[in-house]
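Data block below; observations after.
Residue numbers run from 1 in the order of the sequence given.
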Amino acid sequence: MTCTLSGVRKSRCHDGAVIVDCGVYADGERQDLPKDPETVAQAIDDHGECFGWVGLHEPSDAEMRRVQRLFDLHELAVEDALKAHQRPKVERFGDALVVVLRTLWYVEEGDAVETGQLSVFIGPRYVVTVRHGKGGELATTRQKLEERASMLGHGPAAVLWAICDEVVDGYETVAESVEVDVDEIESSVFSPDRTSDAERIYRLKREVLEMRRAVLPLREPMEQFAHGVPGINPRAAPFFRDVADHVSRVADQTESIDTLLSSALGAHLARVSVQQNDDMRRISAWVAIAAVPTMLAGIYGMNFDNMPELTWHYGYYGVLLLMAAVCFTMYRFFRKVGWL
């Protein structure tokens, strides 16, 4: 089946980067129609076998309201989509689902994990995606899905699966990058050189916390999709099981990374404490060695008249020899016990 619209001029939308792409799909194939939300809304109203996908990137309030009117999106869900600080969740509004995902990407400079938000509105015959941040771009996801007509035949559920799969794959990429940083930290902590790793460990733990906030809340929704929920094509359930497995694996990986960082921080602090004790022993040993000549010099520096050894011809050399012998003996002793 091919969806056609009479009296509609074929043209691209002029919304710049706000409306990233608009497409109408029937029988797993993208239809040759103008790429604007109005065309998508009209197509799904006129033809029962079509569904549409509108992709938005950081839309303004006016642009979001425009799409809301066309697809009858719920007011509360629209407000959440405009605010890019929502917790991952799945909500139902009538016959529509709203899935909020946190996107992650890794920035090499600074060992930073950046986050964004992706809201997916799933209706019986439409998909509206609202993306915030640089991560989670969907152009590649859309292209891959359009090359798989059999998948697109599942309708909006196929789009939701492809988006979730792409986002979770991004989680795995970020987790692998963070694991490389953890390996570097472990090597640094246990290296013979003196290092200051506490700041980097703490910074990475903060980034892992962002990962946990994105990944852990998705476990239950993906399990629900894997077992089937109203509004999601039951034939798509096996694909969601694969996504659920990936989410569980990344969640376990994230927990392991956090545990390793906690262990590395504890090892680093213990090593710093040992190094401080070593420093104090060295300082104490040198102070003890220096105390001997200081004491002897202090004794013979007193201005008493009756000090017989002051008149001894070899007294000066004898005192110097005594100082050297005692200091050398103490030095050998401290070296033997590991203080120097």
Side-chain angles (χ1 to χ4, degrees), residues 3 13 15 18-31 33-59 63-64 66-74 77-78 80-82 86 88-101 103 117-132 136-168 221-222 225 229-237 239-240 243:
C3 290
C13 54
D15 296 276
V18 174
I19 298 180
V20 179
D21 200 356
C22 304
V24 177
Y25 302 89
D27 297 329
E29 299 290 337
R30 181 165 184 160
Q31 306 303 297
L33 296 173
K35 299 178 181 181
D36 59 78
E38 286 77 11
T39 299
V40 173
Q42 184 178 345
I44 64 177
D45 285 341
D46 293 346
H47 302 277
E49 298 300 324
C50 295
F51 80 91
W53 179 3
V54 177
L56 308 176
H57 179 240
E58 297 182 355
E63 211 41 78
M64 193 68 212
R66 167 191 172 192
V67 175
Q68 178 188 9
R69 290 191 296 270
L70 289 172
F71 298 97
D72 193 26
L73 306 180
H74 196 278
V78 169
D80 286 346
L82 286 171
Q86 301 298 315
K89 59 184 178 179
V90 176
E91 292 183 319
R92 176 173 293 279
F93 297 95
D95 60 352
L97 282 177
V98 179
V99 181
V100 179
L101 305 170
T103 57
Q117 178 175 304
L118 181 58
S119 300
V120 186
F121 296 80
I122 302 292
R125 295 175 53 211
Y126 68 81
V127 179
V128 176
T129 55
V130 182
R131 182 168 61 90
H132 292 270
E137 65 87 17
L138 299 177
T140 304
T141 305
R142 187 188 289 260
Q143 182 180 358
K144 291 179 180 178
L145 194 58
E146 289 175 356
E147 294 172 354
R148 302 177 64 180
S150 59
M151 277 299 305
L152 272 175
H154 295 312
V159 177
L160 178 60
W161 165 78
I163 292 172
C164 292
D165 187 58
E166 185 70 22
V167 169
V168 174
M222 291 302 110
F225 289 153
V229 296
I232 299 297
N233 192 327
R235 292 180 298 169
F239 299 97
F240 282 106
V243 176

Could you walk me through whether Leu101 and Ile163 pass the side chain to side chain contact (heavy atoms under 4.5 Å, CB included) check?
-> CA-CA 9 Å; Leu101 305 170; Ile163 292 172; 4.0 Å; yes
Show your reasoning for whether side chain to side chain contact (heavy atoms under 4.5 Å, CB included) applies to Trp53 and Tyr25.
-> CA-CA 8 Å; Trp53 179 3; Tyr25 302 89; 4.0 Å; yes
Kindly indicate, with the supporting measurements, whether the criterion side chain to side chain contact (heavy atoms under 4.5 Å, CB included) is fulfilled by Phe93 and Leu73.
-> CA-CA 9 Å; Phe93 297 95; Leu73 306 180; over 6 Å; no
Before giving the answer on side chain to side chain contact (heavy atoms under 4.5 Å, CB included), spell out for Arg142 and Arg30 the whole-Å C-alpha distance, their side-chain angles and the decisive distance to 0.1 Å.
-> CA-CA 10 Å; Arg142 187 188 289 260; Arg30 181 165 184 160; 3.6 Å; yes
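Formation of a donor-acceptor pair under 3.5 Å by the Glu146 side chain with backbone atoms of Thr141 is not found in this model. Checking side-chain atoms of Trp161 against main-chain N and O of Phe240 turns up no donor-acceptor pair under 3.5 Å. Side-chain N or O atoms of Asp27 include none that pairs as donor or acceptor with a backbone N or O of Glu29 at under 3.5 Å. Side chain of Glu137 to backbone of Ala139: a donor-acceptor contact under 3.5 angstrom is found. Using modelled atom types, one side-chain atom of His132 and one backbone atom of Ala81 make a donor-acceptor pair closer than 3.5 Å. Not a single donor-acceptor pair under 3.5 Å links the side chain of Glu91 to the backbone N or O of Val98.
Under 4.0 Å is where a charged nitrogen must lie from a carboxylate oxygen, and between Glu147 and Lys144 no such pair does.
Considering every non-hydrogen atom in both Leu145 and Ala158, the closest pair reads CD2-O, 3.9 Å. Taking every heavy atom of both residues into account, Met222 and Cys164 meet most closely at CE-SG, 3.8 Å. When every heavy atom of Gly123 is checked against every heavy atom of Pro156, the shortest pair comes out as O-CG, 3.5 Å. Taking all atoms of both residues into account, the shortest heavy-atom contact from Gly52 to Ile44 is N-CG2, 3.5 Å. The heavy-atom pair separating Leu82 from Pro59 by the smallest distance is CD2-O, 3.9 Å. Here the closest non-hydrogen pair linking Val20 and Leu56 is CG2-C, 4.3 Å.
Using a 4.5 Å cut-off on side-chain heavy atoms (C-beta onward), Gln117 and Arg131 make no contact. Side-chain contact check for Val40 versus Phe71: some heavy-atom pair is nearer than 4.5 Å. Between Phe51 and Leu152 the shortest side-chain heavy-atom distance falls below 4.5 Å. When side chains are defined from C-beta on, Val54 does not count as touching Thr129, because their heavy atoms never get closer than 4.5 Å. Between Phe225 and Val99, some side-chain heavy-atom pair lies under the 4.5 Å cut-off. You'll find the side chain of Phe121 reaches within 4.5 Å of the side chain of Val130, heavy atoms only.
Few gaps surround NZ on Lys89; more than 12 heavy atoms of other groups in view lie less than 6.0 Å from it.
Between atom CG of residue Asp36 and atom CG of residue Leu70 there is a gap of 9.0 Å, rounded to the nearest 0.5 Å. A distance of 9.0 Å separates CZ of Arg148 from NE2 of His154, quoted to the nearest 0.5 Å. Between the CG atom of Asp72 and the NE2 atom of His74 there is a distance of 9.5 Å, given to the nearest 0.5 Å. In this structure, the separation between CG on Leu160 and CD1 on Ile122 is 4.5 Å, given to the nearest 0.5 Å. A distance of 4.0 Å separates CG in Leu97 from CZ in Arg92, rounded to the nearest 0.5 Å.
For the side chain to side chain contact (heavy atoms under 4.5 Å, CB included) test with Val120, the passing option among Val90, Val127, Val159 is Val127; the others fail.
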